[in-house]
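Only heavy atoms go into these numbers, but all of them, side chains included; no hydrogens, no water, no symmetry mates.
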Amino acid sequence: MENASIYIHIPFCSDKCIYCDFYSLTKSEHLIDDFVSMLCTEIDLTCKKNETKPLIKTIFVGGGTPSLLTSKQLEKIIKKINKNFNIDNLKEFTLEANPGEFEINKMKEFKSLGINRLSFGVQSLNDKTLKNLTRWHSKSECISSFNNARKAGFSNINIDLIFGVPKQLNTDWRTDLKEVIKLNPEHISAYSLTVERKTKLYNLVKAGRIVMPDEESDIEKFQTAIQTLTEAGYQHYEISNYSKFNRECYHNMQHWHRKPCYAFGPSSHGFLNSKRYWNVSNIKDYMKSISLNELPIENEEILTNENIFNEIIINGLRLRTGIIINKIQNDYSSKTFQNFKKKTLDLHKYIEVDEYCVKLNKDGIMIADQISLELMSCFNE
C-alpha cells in the first residue's frame, strides 16, 4: 500500500463548546486509561492480518482534547503504532491542544515522544469573542501557551481561528489576524463558524436567543483573512488554510489527495482500498465491540467511479493546485471529459484554466460549493 496516514480521535474534553459537534465527553478523565487500552487493542485488531507493516507518512491525534492525555498514555499508544506500522519515515506527527491546558513540561515530554507539530485551538485573541464561543481560556493564556510551545522546542505550530461569530466586528477579526501574525506560527487555519445540529448553538439560534451574522458579513471576513494573511507572507494553499512556504499540513494534504488513512477511536473516519468507513460515535459501544475482539466500525461505503470523481472535484477545488486535468482525461470516459471541458468554458468568470489544472479565482473561491456542484454534474459513464 502507498504511504498512508493515521488519525486517532481522543474523545475527552474539560468542557463542551456551544458550537462543537465533534464527539467528545466532559468530566470523564477517569475513563482515559481504559480507553487507551481499548484503542491499543483496536490498532492490533486492525493490523492483525497485515503481512507487512504499512508505511505511515503522517499521524494526527485530534479530538476532543488530546493534550489531556498523560505522557505515559501517549507513549503507550505510540508503542502500539510502532509495533504495527512502519513509521521510520514519518513526516508529520500532529497533536491538537487547548491553550491554558497544556503546561510546558508536558509539551517537552510529548515532543520527546515524537510529536513534531502542535495545533492550538485558539479560535480568537479577543476575550469577548472567546466568551461568546464559550471558550474557557483567555487571550493571555493563548499567547503564553504558544510561547511555551516554542520554548519546548516546537518549530511547527498551527493556530485555529474562527470568524463569523455573533457580535464579532470585522475590525475585531482583522485585529485577531494581525495579533496571530505577530506570534509568527507556521500555519493558520481560519474557519467560518457553522451552526451544526445537536449543538447548543443550534438550539440557541433556533430559539432566537442568538442571531448569526448574515452571509455578506461572513464573506467580508473571509476576504479580510485572505488579504491580511497573504500580505503577511502566508500562502493560501487551501480554502480554510494558510501556511508559510513548505509548511502545509501534510496530514490534510494526504486527505485531500485521497491517500489511505487508518482511523482509530470513536467517531473516527478512515479510507482504505476505495472504502470509506467510520467508527461508532459512542464510547460504551466502542469499548464493548473491542472487548469482544470486534472492530467498532459503524458503517462503510465502497466508492463508485462517480463518488471518486466527485471527491476529485471537491478536493481539487479546495486546493491552490486545483483539479489536475490529465486525471479527468485519463481516468474517466471521453464524454465526462468533454462535459468537463465545456463546463469550464461556461464557468470562465470563476476559474483559471491552463494546460495542467483548473482552479478557482478570487471570485470563484467565494462560491466554491456551487462551482463544485456544476463540475460534478459532468460525470458520465
Does NZ or CZ of Lys53 lie under 6.0 Å from the centre of the six-membered ring of Phe85, at an angle within 45° of the ring axis?
no
How would you list, by chain and number, every residue that makes a side chain to side chain contact (heavy atoms under 4.5 Å, CB included) with His255, sequence neighbours excluded?
none
Would you say the side chains of Asn50 and Asn84 form a donor-acceptor pair under 3.5 Å?
no
Residues Glu196 and Thr194: side-chain donor-acceptor under 3.5 angstrom
yes
Is the closest side-chain donor-acceptor distance between Glu101 and Ser14 under 3.5 Å?
yes
Strictly below 4.0 Å, N to O, side chains only: are Lys342 and Asp346 in salt-bridge contact?
yes
Are Phe309 and Tyr332, when compared by the centres of their aromatic rings, separated by less than 6.0 Å?
yes
Give the C-alpha distance, both sets of side-chain angles, the deciding distance and a yes or no for side-chain contact (heavy atoms from CB on, under 4.5 Å) between Val358 and Glu352.
CA-CA 6 Å; Val358 173; Glu352 298 174 9; over 6 Å; no
Checking Arg150 side chain against Phe154 main chain: does a donor-acceptor pair fall under 3.5 Å?
yes
Do you know which two heavy atoms are closest between Gly164 and Met212, and how far apart they sit?
O-CE, 3.7 Å
Passes salt bridge (Lys or Arg N to Asp or Glu O under 4.0 Å), Lys80 versus Glu42? Steps please.
CA-CA 10 Å; Lys80 187 61 67 172; Glu42 183 191 5; over 6 Å; no
Establish, from distance only, whether the side-chain atoms of His251 and Thr58 form a donor-acceptor pair under 3.5 Å.
yes
Any chance the side chains of Ser124 and Asp176 put a donor and an acceptor closer than 3.5 Å?
yes
Testing the 3.5 Å rule here: is there a donor-acceptor pair between the side chains of Asp33 and Gln73?
yes
Electrostatic pair Lys167-Asp172, nearest N-O below 4.0 angstrom:
no
Matching residue for Ile226 among Met366, Glu231, Lys362 - test: side-chain contact (heavy atoms from CB on, under 4.5 Å):
Met366
Any side-chain donor-acceptor pair under 3.5 Å between Lys221 and Ser217?
yes
Pair Phe110 + Phe102: ring centers closer than 6.0 Å
yes
What I want to find out is whether Glu301 reaches Lys275 closely enough, with some N-O distance under 4.0 Å, to be called a salt bridge.
no
Is there a path of hydrophobic side-chain contacts, each under 4.5 Å between heavy atoms of I, L, V, M, F, W or Y residues, that connects Ile324 with Leu319?
no
Hits for ring-ring contact (aromatic ring centres under 6.0 Å, His included) against His187, two or more places apart or cross-chain, chain-then-number order -> Tyr237
Quick one: do the Ser24 and Lys16 side chains pair a donor with an acceptor below 3.5 Å?
yes
Going by the side chain to side chain donor-acceptor pair (under 3.5 Å) test, name the single residue among His137, Gln123, Arg135 that passes it with Asn98.
Arg135
When clusters are formed by joining ILVMFWY residues with side-chain heavy atoms under 4.5 Å apart, either directly or through shared neighbours, do Leu130 and Tyr191 land in the same one?
no
Could you check whether the rings of Phe222 and His236 sit parallel, tilted or perpendicular, using 30° and 60° as the cut-offs?
perpendicular
Hydrogens and angles aside, do Arg318 and Asn241 bring a side-chain donor and acceptor to less than 3.5 Å of each other?
no
Decide, yes or no, whether a salt bridge links Arg320 with Glu248 under the criterion of side-chain N to carboxylate O below 4.0 Å.
yes
Do the charged groups of Lys139 and Glu179 touch, with an N to O distance under 4.0 Å?
yes
Check whether the side chains of Ser140 and Ser138 place a donor and an acceptor atom closer than 3.5 Å, and report yes or no.
yes
Would you check, one step at a time, whether the test salt bridge (Lys or Arg N to Asp or Glu O under 4.0 Å) holds for Glu92 with Arg247?
CA-CA 10 Å; Glu92 181 184 271; Arg247 291 293 193 160; over 6 Å; no
Measure centre to centre between the rings of Phe12 and Phe35, then say whether the value is under 6.0 Å.
yes
Just checking, is any N or O donor in the side chain of Ser5 or Gln254 under 3.5 Å from an acceptor N or O on the other one?
yes
For residues Met376 and Phe337: do they belong to one hydrophobic cluster (side chain heavy atoms under 4.5 Å, members Ile, Leu, Val, Met, Phe, Trp, Tyr)?
yes
With side chains defined as the heavy atoms from C-beta onward, is the minimum distance between Val61 and Phe93 less than 4.5 Å?
yes
